[in-house]
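Have a look at the structure below, then the notes.
Sequence lines set the chain letters: A, B, ... in the order given, protein chains first and strands last, and positions in each chain run from 1.
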Amino acid sequence: MRGMPAWAWALALGALASSAAADLRVDSVRFDPALPTSADAVSATISGAAFKGFLSTCELRFLPPRLDGRTVRIVVDASPSTPCPPPGPAIVTLPLPALAYGSYRLTIEDGALLVWSGSLMVGGPGPDVAFLNRLSARLTWQPVGSPTPQAASAVTLGENAAYFWFTSPSNVEVVVKVLDGRLVNGHFWIFVSSLTRRAFTLQVVGPCTTPGCSGSALKSYSAAAGHNQNFIDLNAF
Amino acid sequence: MVYKRSVLPRSWTMSAALAGALAAVPPAWAQQHGLTFDPPSPSSDDVVVVTVQQQGVCRVWNDGVQVMPSTDAYSGTVKFSGHTLPGPCTAGLAEALATQRVVLGRLPTSRFVRAGFVVSGIADGMTVFEGGVYVNSFPVPAVVQLTPALPSTVDETFLGSIPLVYACMASAGPPVVSGFTVTVPMGSLPIDPCPPFNGGIPFDLGVLAAGSYEVVDPAGDALGFFDVAAPASVLSLHQGRFGVQVLRPSGGTAATVALGELSGYFWFYNGSDIEILIKILDRRAVNGHFWVFVASLTDQPFTLTVTDRSSCAGTKCATRVYTGVAGVNRNFIDTAAFSGGAP
């Protein structure tokens, strides 16, 4: 090896780096929040393990994620680092670049290797209405010291459920579920469960079912400040 | 890319004006003259740039751009102008002018529909370049609505809505799943105002394998992406520090879906029927503890266990257990749940 030219060293090190690259394992990638909007700061938490040689640390280390068209690319930081301690599972959280409305691919690359790929959907900013079955739900909450109620942001979890948040998209405050119980008792069933002691009012608009009434009807569910209160309404609409 | 044929919906009935305009421009002719659009399949939000390539001539293409959206909503025209430089056209000058980029700007479209624009380069009173580009009325790929929104391989997954342009196509059939591709058929005519997609009834995609899916139109253009995860019974929160598990009433563990690092939910029988939601907040700066909030949407019995993995010594870990009894809908707020570690 003595007298080996610099370019040969570079090639040898490159080959070692390439072989080490295959030893990165990504078990999962989680986004926070999992269902973000374009107004949210989004992070990705990567769980996995690195089993690298002396060229790199055993920690999972990544360059800052970057947006390339509709792909968020996360690239392993392959720069040489301290000698490797015993390898093991690792968790790294990375802030993602600002994302506009739309669907994105997310890739994790180690050199030329695609280690992991997945998808992320980013909704439009600030929806405050959740559409559930044939009903729509809107929630206002009362900030401490403020006389004016504020609209909570809604995140839809599917046709049947949604949650609302007040100040942080990662901090779920109220969850609402609507089941179609018409086959059982002729009504939609509404379940409201609270993770807060703040005052809130949930308003649900649905089809009017009382005799002589046509069009829409409104149901309200209000929780007082200082109380953690749920609502179950099996005769809602 | 000139006349990107793949972006032309095969079943799309074009307006007579657009059809006539496009028919007048043989794609091979346009490609020969090297008009290239960036991005190749833009949305109405994109600034479109066209690259012109010419050989042996000394034309400059900086005399202005005129965008004319059509009143029929499906087509428009763009004209960019240039002129031939006076004096001798040397080989060096012609080479320097061989490739030029012209900013066309944003190309407006009507609501919901994808519009075709005929793009012409006019110099010295004659049309030198002619090409075409389709502009989507939304940024693609867009967001598709799923039930459940974060499906796993044990869920029957429903496609609730897709980008509006397709919701406005008549007689769209059910999507076809093949591998990790979901193809959405289209009808023949755009409709305005837009009717609810499939009458508002979500399409049943069935139970999907784990992986990353692409929703595409019949031409293969991406409409959106979504993931289907393997089912999980342990919810990891706060970068894995806490593990949460729920024993459901019929025995066994409930399935769980993470909503981020602080919260997640559990379901018992149906992935679309959320039963319990948990969030754990780091309030150590307030009272030295993490705070656990459990919200129940059920009156069925359950046992929820939170394990602090950072506290484990051998097989022993600090845990908190919250039990819901049958017939009672009850939440839990525990502001003295776990401590330890730097806030």
Side-chain angles (χ1 to χ4, degrees), chain A residues 28-36 42-43 45 47 69-70 89 91-93 100-106 116-124 131 134 155-163 165 168-177 179 191-197 228-232, chain B residues 39 43 45 138-151 158 160 200 202 211-215 222-227 229-230 232 236 239-240 257-265 270-279 281 293-299 329-333:
Chain A
S28 68
V29 177
R30 176 192 292 174
F31 302 107
D32 184 35
L35 296 165
V42 186
S43 65
T45 296
S47 303
R70 285 285 172 172
I91 295 178
V92 176
T93 298
Y101 167 89
S103 285
Y104 295 85
R105 290 286 195 206
L106 186 135
W116 189 90
S117 72
S119 307
L120 172 67
M121 288 194 281
V122 179
F131 296 97
R134 294 167 59 196
V155 177
T156 301
L157 297 171
E159 290 289 321
N160 301 335
Y163 68 82
W165 58 267
S168 164
S170 298
N171 192 355
V172 179
E173 303 283 10
V174 177
V175 60
V176 182
K177 175 171 82 171
L179 298 181
F191 301 76
V192 183
S193 193
S194 167
L195 294 146
T196 185
R197 289 178 174 137
N228 175 255
Q229 187 177 352
N230 290 355
F231 302 90
I232 296 179
Chain B
S43 76
D45 288 347
F138 53 88
V140 290
V143 171
V144 294
Q145 297 293 329
L146 299 170
T147 296
L150 299 164
F158 295 84
S212 193
Y213 288 78
E214 186 174 28
V215 182
L223 302 175
F225 309 126
F226 68 91
D227 281 358
S236 285
Q239 282 78 31
V257 175
L259 295 173
E261 288 302 325
L262 309 184
S263 61
Y265 67 81
N270 178 341
S272 299
D273 192 0
I274 297 169
E275 304 282 9
I276 297 166
L277 198 138
I278 181 171
K279 78 175 175 185
L281 301 181
F293 300 74
V294 179
S296 169
L297 293 151
T298 185
D299 61 359
N329 173 253
R330 184 187 169 190
N331 292 350
F332 299 89
I333 296 180

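Of all heavy-atom pairs spanning B:Phe293 and A:Leu195, the tightest one is CD2-O, 3.3 Å. Scanning both residues, A:Lys177 and B:Leu297, for their nearest heavy atoms gives NZ-O, 3.6 Å. In terms of heavy-atom proximity, A:Ile91 sits nearest to B:Gln239 at CD1-O, 3.0 Å. Across all their heavy atoms, A:Tyr101 and B:Val143 have their closest contact at OH-N, 3.5 Å. Shown here for B:Ile274 and A:Ala161, the closest heavy-atom pair between the two residues is CD1-CB, 3.6 Å. In terms of heavy atoms, B:Phe225 sits closest to A:Ser103 at N-OG, 3.1 Å.
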Trace of the side chain to side chain donor-acceptor pair (under 3.5 Å) decision for B:Ser212 with A:Ser117: CA-CA 8 Å; B:Ser212 193; A:Ser117 72; 5.4 Å; no
side-chain contact (heavy atoms from CB on, under 4.5 Å) assessment of A:Glu173 paired with B:Lys279: CA-CA 9 Å; A:Glu173 303 283 10; B:Lys279 78 175 175 185; 3.1 Å; yes
Residue pair B:Leu259, A:Leu157: steps toward the side-chain contact (heavy atoms from CB on, under 4.5 Å) verdict: CA-CA 10 Å; B:Leu259 295 173; A:Leu157 297 171; 3.6 Å; yes
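One finds the CG atom of A:Asn228 at 11.0 Å from the CZ atom of B:Arg330 (value rounded to the nearest 0.5 Å). Atoms CD and CZ, on B:Glu261 and A:Phe31 in that order, are 11.5 Å from each other to the nearest 0.5 Å. Atom CG of B:Leu281 sits about 9.0 Å away from atom OG of A:Ser168, to the nearest 0.5 Å. Atoms OG and CG, from A:Ser170 and B:Leu262 in turn, are 5.0 Å apart once rounded to the nearest 0.5 Å.
Neither the backbone nor the side chain of A:Val174 comes within contact range of chain B, judged by heavy atoms closer than 4.5 Å. Heavy atoms of A:Ile232 lying under 4.5 Å from chain B belong exclusively to its side chain. Looking at A:Leu120, neither its backbone nor its side chain comes within 4.5 Å of chain B, counting heavy atoms on both sides. Residue B:Val257 does not touch chain A at all, counting heavy-atom pairs closer than 4.5 Å. A:Tyr104 touches chain B through its backbone: at least one of N, CA, C or O sits under 4.5 Å from a heavy atom, while the side chain does not. Neither the backbone nor the side chain of B:Phe332 comes within less than 4.5 Å of any heavy atom in chain A. Interface residue A:Arg105: backbone and side-chain heavy atoms are both found under 4.5 Å from chain B. For A:Thr93, the part lying near chain B is the side chain, with the backbone staying farther off; criterion is any non-hydrogen pair under 4.5 Å. Using a 4.5 Å cut-off between heavy atoms, A:Val192 contacts chain B through its backbone alone, with no side-chain atom that close.
Side chain of A:Arg30 to main chain of B:Gly260: a donor-acceptor pair is present (N/O by atom type, distance under 3.5 Å, no hydrogens or angles). Between the side chain of B:Ser263 and the main chain of A:Val172, no donor-acceptor pair closer than 3.5 Å is present. Side chain of A:Asn160 to backbone of B:Asp273: no donor-acceptor contact under 3.5 angstrom is found.
Here B:Ser296 pairs with B:Thr298, B:Phe302, B:Asn329, B:Asn331 under the side-chain contact (heavy atoms from CB on, under 4.5 Å) rule; sequence neighbours left out.
Side-chain contact between A:Met121 and B:Phe226 is present, with heavy atoms from C-beta onward closer than 4.5 Å.
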